[in-house]
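To start, the structure itself, in structure tokens.
As the structure lists them, so they are numbered: ligands from 1, and atoms in each ligand from 1.
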Amino acid sequence: MVRNLIVILGDQLSFEISSLEKIQKNDDKILMMEVSNEIEYANHHKKKLVLILSAMRHFADELKKNEFDVTYVEFDKSKENFTKELEHQCKKFNPKTIKITHPSEYRVLKEVEKWEKLLDIPVTILEDTRFFCKIDEFAEWANSRKDLKMENFYQKMRKKYKILIDEKEKPIGGKWNYDIKNRKRLPKNHPKIPLPLICKPDKITQRVITQLKKEFTKHFGDLEPFWFATTKKDALESLDDFIKNRLEFFGPYEDAMKEKEKFLYHSVLSIYLNIGLLNPHDVIQKVLQKKDLPIESIEGFVRQILGWREYVRGIYWHYMPKYNQTNFFNAKNKIPNFYWNGETKMNCMKNCINQTKEEAYAHHIQRLMITGNFALIAGIEPKQICDWYLSVYADAFEWVELPNTHGMILYADGGILGSKPYAASGNYINKMSDYCKNCEYDVKVKNGKNACPFNYLYWNFFLKNQKKLEKNPRLWTVFSTIRNMSEDKKKQIRSDSGKFLKTM
Ligand code: FAD
Ligand code: DLZ
Ligand code: SF4
């Protein structure tokens, strides 16, 4: 008889996962399941499917090599969902208890919470200790404050873990945040930037690719060339490669965009962090060892992982299940087809979407200021945009995708996460990228047929939502311009926007 049946989910691929902490090799069994429901609940990018399934199979092999008793269930149509498959396995193994580390997504947690009653077997859900901040700890912080600024949370984490902090609890370098130094445009003759580490698909990955080619042809995106790491060893090498080749300039060019540079100085590590191949504690410790690199790069990078990543997870668990129910601007437009096929004259959108199709990756500013900004000012319904982001990126899991999409880009939560909507006109995109020079639209033109759609949609968004936003002190300049705007100009903006939105 099996003592504990330990269920490991597809984003818990780590020997340090809490469910394995007290495992006894002779008495306990590990269960990993590939199931249709997880593969089909979103239109996952094909590269995301290969990444997760291949990494799961590699991890199961590693466990077996270390003499753990593992049952690994490969997908076929009969493997419907976690619960049905677990029920089937429990009949075979009759475990005394089931153990699992807290699922990262609300949807899966709710499924797990039903197991005890359904199977009549005790189920223990353990804390996910990979994160810096416990769910309860975030709730305590959130309940004690009027506003939930990321910056305050981040400083609290820095102090708690003594990261970039001196003996007097003061930030190293004198400032908590070097955001101001993270906004450089990439100069024209900037040398070619080293690419992230390319990992050649091994036999396990090739088999997944072959299986997917047969079974999941309808999923979004290009399956090949597949180059992601699918083992901890290769993910650690990708981390070392980032630290060696790109970290130095991560800070200054964090907000830059360039047509032929898909990754710039970004780490491309979220895909490994989110499924357990990399541990965020280890990543930060390795980065901190690079004491000779500019503080704006080190602090900038630490802020993303210790600050933003932990903060959005906290927001997610604090506000779910209601978080995705809001629609502050009552945005109702349908997501245009070009989000799926890249067929648009807007060069910035075309580039970001085509890159997403190819790589299952876009860096933060592309997600925020191009595809996200457009969705906001074009008034696309939040649910449709959230589904898109959840599908198309290899790092997309609801706990991190939803706050970024629903909160950060769409402001659909009414300002829980952000203090103002991140709306921007073509001017910002032109300042931070080279997309406009190859565009059929003219970024300098504000209205009419050749005008950049971001220009009139930007003003249309604020005109439409004036009542909801005009009291926001951070938008004072925007509404002061609107107050001085002629009625003719407003009419033109509304008319151009109406015509454009109709073509979507
Ligand atoms: P880098 O720029 O190198 O940053 C380093 C690390 O910091 C990342 O690997 C990531 O773990 C973390 N990080 C940075 N920004 C954020 C953030 N805002 N929230 C959480 N973690 C962050 N990230 C995901 O991991 N999964 C998602 O599904 C996801 N969806 C997003 C949707 C939208 C609309 C936006 C605006 C952002 C989203 N992000 C998401 C956050 C961020 O864009 C990605 O983490 C980042 O682009 C991943 O690339 P990178 O590893 O090269 O990141
Ligand atoms: C995203 C995903 C996919 C595509 N497939 C599986 C799978 O077959 N088995 C599995 O355990 N997990 C998979 N995942 C991840 C889950 O959808 C989900 O994100 C995690 O269980 C965390 O809640
Ligand atoms: Fe994008 Fe406008 Fe620039 Fe074209 S002109 S690339 S639509 S910002």
Side-chain angles (χ1 to χ4, degrees), residues 7-12 32-42 44 48-49 51-53 56 73 75 79 82 103-109 111-112 150 196 242 246-247 250 254 263-275 278 280 283 300-301 303-313 344-351 361-372 374-375 385-386 389-390 393-406 408-410 422 425-430 433 435-445 451-455:
V7 178
I8 295 192
L9 300 171
D11 60 350
Q12 300 181 340
M32 295 176 71
M33 302 171 271
E34 294 176 4
V35 292
S36 297
N37 187 52
E38 297 309 307
I39 296 172
E40 299 289 0
Y41 81 90
H44 298 297
K48 178 182 181 185
L49 291 176
L51 170 78
I52 294 172
L53 300 187
M56 283 177 71
V73 178
F75 72 78
K79 314 288 185 308
F82 289 139
S104 67
E105 297 177 304
Y106 187 83
R107 170 183 67 81
V108 180
L109 177 68
E111 186 173 346
V112 170
M150 196 295 284
F242 163 67
R246 297 193 306 286
L247 174 60
F250 173 84
E254 199 180 333
F263 311 99
L264 290 154
Y265 290 100
H266 292 273
S267 67
V268 197
L269 294 177
S270 53
I271 45 182
Y272 310 135
L273 281 162
N274 293 356
I275 60 173
L278 289 180
V283 172
F301 189 76
R303 187 181 343 126
Q304 304 314 312
I305 293 185
L306 184 66
W308 280 110
R309 188 169 188 269
E310 295 289 323
Y311 173 76
V312 298
R313 177 179 184 253
T344 164
K345 288 197 296 180
M346 292 179 282
N347 194 39
C348 52
M349 290 289 283
K350 186 162 67 192
N351 258 274
Y361 177 87
H363 61 73
H364 186 66
I365 296 302
Q366 294 175 313
R367 298 187 205 195
L368 180 70
M369 299 312 291
I370 307 289
T371 44
F374 183 86
I385 281 295
C386 290
Y389 278 98
L390 189 61
Y393 293 112
D395 60 17
F397 293 87
E398 195 190 58
W399 66 268
V400 52
E401 171 277 323
L402 187 70
N404 273 298
T405 309
H406 196 79
M408 193 183 299
I409 64 165
L410 297 177
Y422 272 101
S425 69
N427 189 32
Y428 173 88
I429 296 170
N430 194 29
S433 78
Y435 292 135
C436 301
K437 73 176 196 299
N438 292 328
C439 187
E440 290 187 39
Y441 295 109
D442 189 337
V443 71
K444 301 275 183 236
V445 180
C452 162
F454 280 84
N455 288 341

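Distances below 4.0 Å separate heavy atoms of Met33 from the following atoms of ligand 2: 7 (C), 8 (O), 9 (N), 10 (C), 11 (O). Every atom of ligand 1 with a heavy atom of Leu273 under 4.0 Å away is listed here by number and element: 9 (O), 11 (O). Set against the non-hydrogen atoms of Leu49, the atoms of ligand 2 under 4.0 Å away are 4 (C). Those atoms of ligand 2 with a heavy atom of Asp11 less than 4.0 angstrom away are 20 (C), 22 (C). For ligand 1 and Ala362, the ligand atoms under 4.0 Å from any heavy atom of the residue are 47 (O). For ligand 2 and Arg107, the ligand atoms under 4.0 Å from any heavy atom of the residue are 17 (O). Short contacts between ligand 2 and Val35, defined as distances under 4.0 Å to a heavy atom of the residue, involve ligand atoms 8 (O). Atoms of ligand 1 found under 4.0 Å from any heavy atom of Val268, numbered from 1 in the order shown, are 50 (P), 51 (O), 52 (O). Atoms of ligand 1 lying under 4.0 Å from any heavy atom of Arg309, numbered from 1 in the order shown and given with element: 11 (O), 20 (C), 21 (N).
Look at Tyr311 and you'll find every heavy atom at least 4.0 Å from all atoms of ligand 1. The shortest separation from a heavy atom of Pro280 to ligand 1 is not under 4.0 Å, leaving the residue out of contact. At least one heavy atom of Tyr361 sits under 4.0 Å from some atom of ligand 1.
One option in Tyr422, Trp308, Tyr272 has a heavy atom closer to atom 16 (C) of ligand 1 than any other, and that option is Trp308. Nearest to atom 1 (P) of ligand 1 by heavy-atom distance, out of Ser267, Ser270, Ala375, Pro196, is Ser267. Compare Lys48, Lys79, Glu34, Glu38 by their heavy atoms: the one nearest to atom 13 (C) of ligand 2 is in Glu38.
Ligand 1 has no nitrogen or oxygen under 3.5 angstrom from a nitrogen or oxygen of Val400. Of the polar atoms of Glu105, at least one N or O is found under 3.5 Å from an N or O of ligand 2, judged by distance alone. Here's the thing with His363: none of its N/O atoms is less than 3.5 angstrom from an N/O atom of ligand 1. At least one N or O atom of Leu269 sits closer than 3.5 Å to an N or O atom of ligand 1. Considering both main-chain and side-chain atoms, Tyr41 never comes within under 3.5 Å of ligand 2 through any nitrogen or oxygen pair.
By the criterion of a heavy-atom distance under 4.0 Å, both the backbone and the side chain of Leu9 are placed next to ligand 2. No part of Met32 comes within 4.0 Å of ligand 2, judged by heavy-atom distances. Contacts between Phe75 and ligand 2, counted as non-hydrogen atom pairs separated by less than 4.0 Å, are absent for every part of the residue.
Geometrically, Lys48 does not engage Tyr361 in a cation-pi contact, judged by NZ or CZ lying under 6.0 Å from the ring centre and within 45° of the ring axis. Arg367 forms no cation-pi arrangement with Tyr389, by the criterion of a distance under 6.0 Å to the ring centre and an angle within 45° of the ring axis.
Counting only heavy atoms of the protein, atom 2 (O) of ligand 1 lies nearest to His266 ND1, 2.7 Å. For atom 42 (C) of ligand 1, the nearest non-hydrogen atom of the protein is His364 ND1, 3.4 Å. The single protein non-hydrogen atom nearest to atom 6 (C) of ligand 1 is Ile305 CG1, 3.6 Å, given as residue, atom name and distance. Looking only at protein heavy atoms, the nearest one to atom 11 (O) of ligand 2 is Gly10 N, 2.9 Å. Nearest non-hydrogen protein atom to atom 40 (C) of ligand 1 is Arg367 NH1, 3.5 Å. Ranking protein heavy atoms by distance to atom 25 (O) of ligand 1, first place goes to Asn274 ND2, 2.9 Å. At the top of the distance list for atom 12 (C) of ligand 1, counting protein heavy atoms only, stands Gln304 O, 3.6 Å. In terms of protein heavy-atom proximity, atom 15 (C) of ligand 2 is nearest to Phe397 CE2, 4.0 Å. The protein heavy-atom contact nearest to atom 19 (N) of ligand 1 is Asn404 ND2, 3.1 Å. Looking at atom 1 (C) of ligand 2, its nearest protein heavy atom turns out to be Ile52 CD1, 3.5 Å. Protein heavy atom closest to atom 5 (C) of ligand 1, with residue, atom name and distance, is Phe301 CE1, 3.4 Å.
In this structure, Tyr428 places its OH atom where more than 12 heavy-atom neighbours from other residues, nucleotides or ligands lie under 6.0 Å away.
Of the charged side-chain nitrogens involved, at least one lies within less than 4.0 Å of a carboxylate oxygen, so that Glu38 and Arg107 count as a salt-bridged pair.
Of all protein atoms, those of element N, O or S that lie under 2.8 Å from atom 2 (Fe) of ligand 3 number 1.
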Open item on the list: With ring-ring contact (aromatic ring centres under 6.0 Å, His included) as the criterion, how do Phe242 and Phe301 come out once you've worked through the C-alpha distance, each side chain's angles and the decisive distance to 0.1 Å?
Closed with: CA-CA 11 Å; Phe242 163 67; Phe301 189 76; 5.0 Å; yes
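Residues Glu40 and Ser36 have side chains that never bring a donor and an acceptor to within less than 3.5 angstrom of each other.
The aromatic ring centroids of Phe250 and Tyr265 lie 6.0 Å or more from each other.
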